[in-house]
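Step one of this worksheet: look at the structure below.
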Amino acid sequence: MELGHTTYNRNEFIETDTGNKVSRRSLISGSQNIVLGGKTIVHNRCTIRGDLRRAGGSHQASVLIGRFCSLGESSVLRPPYKTYKGVFSYYPLKIGDHVDIGENTIIEAASVGSFVKIGKNCVIGRFAIIKDCCEIEDGAVIAPNTVVPSFSVVAGGPPAKIVARLPECIQEIYETQSKDKYAKFVSA
């Protein structure tokens, strides 16, 4: 599947030293608690909530995003939370490398592995764990605390169910697609 070039207005994106391209129209709260691995695209109206972090002196980042990721328009990434022994606390959200997140998707997972494709209009519940090499189809609703095994295709919901298995070569395919998507995201 050959992707065409996607052009953007250079004035509407900030490009960091590590090649991240962040829309000026995105909402990034608590940027000091967000780590972008490099060559990640943050599209318009994407919300990343780094301000939601554990109380106390911990210097741990609340949102960690790997390399060659694409965060779709109007998507929301926020760390999961829970009350433990009477104390309300947020926990880190970790996203691996080569992850493509579709438009209007909400993610509150504990972790999303590498080489994962998440469709449009999905909801990933609190503390869900999506292992490496998975595909979450458009509109899927993954219940809180769900573990999605590697090489799974998940659809439907709530709760979403495994509907197919991915081939072992999917890692190379997703890696090539994410690098191609980044290379073809060029300023006009």
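When reading the values below, keep in mind they use all heavy atoms of this one structure, side chains included, and skip hydrogens, waters and symmetry mates. Values in this document were obtained by computation on a predicted structure and should not be read as measured data.
The shortest side-chain heavy-atom distance between Tyr174 and Phe68 does not fall under the 4.5 Å cut-off.
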Can you give each donor-acceptor pair under 3.5 Å made by side-chain atoms of residues 41-48, sequence neighbours left out, with the distance rounded to 0.1 Å?
from  : atom 1 : to    : atom 2 : distance (Å)
His43 : NE2    : Ser70 : OG     : 3.4
Asn44 : OD1    : Ser23 : OG     : 2.5
Arg45 : NE     : Ser74 : OG     : 3.2
Arg45 : NH2    : Glu73 : OE1    : 3.0

What donor-acceptor contacts under 3.5 angstrom involve side-chain atoms of residues 158-165, with partners at least two apart or in another chain?
from   : atom 1 : to     : atom 2 : distance (Å)
Arg165 : NH1    : Ser150 : O      : 3.2
Arg165 : NH1    : Ser152 : OG     : 3.4
Arg165 : NH2    : Ser150 : O      : 3.4

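Other members of the cluster containing Tyr84 are Tyr91, Phe127, with ILVMFWY side chains joined at under 4.5 Å, either directly or via other members. Alongside Val123, the hydrophobic cluster contains Val141 (criterion: ILVMFWY side chains under 4.5 Å). Cluster note: Val147 groups with Ile129 through ILVMFWY side-chain heavy atoms spaced under 4.5 Å, whether in direct contact or through intervening members.
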side-chain hydrogen bond (donor to acceptor under 3.5 Å, both in side chains) assessment of Ser187 paired with Arg10: CA-CA 5 Å; Ser187 61; Arg10 181 182 298 268; 2.9 Å; yes
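Scanning for salt bridge (Lys or Arg N to Asp or Glu O under 4.0 Å) contacts around Glu108 gives Arg78, with sequence neighbours left out.
Among Lys181, Gln177, Lys117, the single residue meeting the side-chain hydrogen bond (donor to acceptor under 3.5 Å, both in side chains) criterion with Asp100 is Lys181. When each of Ile130, Leu93, Leu71 is checked for a side chain to side chain contact (heavy atoms under 4.5 Å, CB included) with Ile107, only Leu93 meets the rule. Ile118 pairs with exactly one of Ile142, Val112, Ile95 by the side chain to side chain contact (heavy atoms under 4.5 Å, CB included) rule, that one being Val112.
For the pair Asp51 and Asn33, the tightest heavy-atom approach, listed with the atom from each and the gap, is CA-ND2, 4.5 Å.
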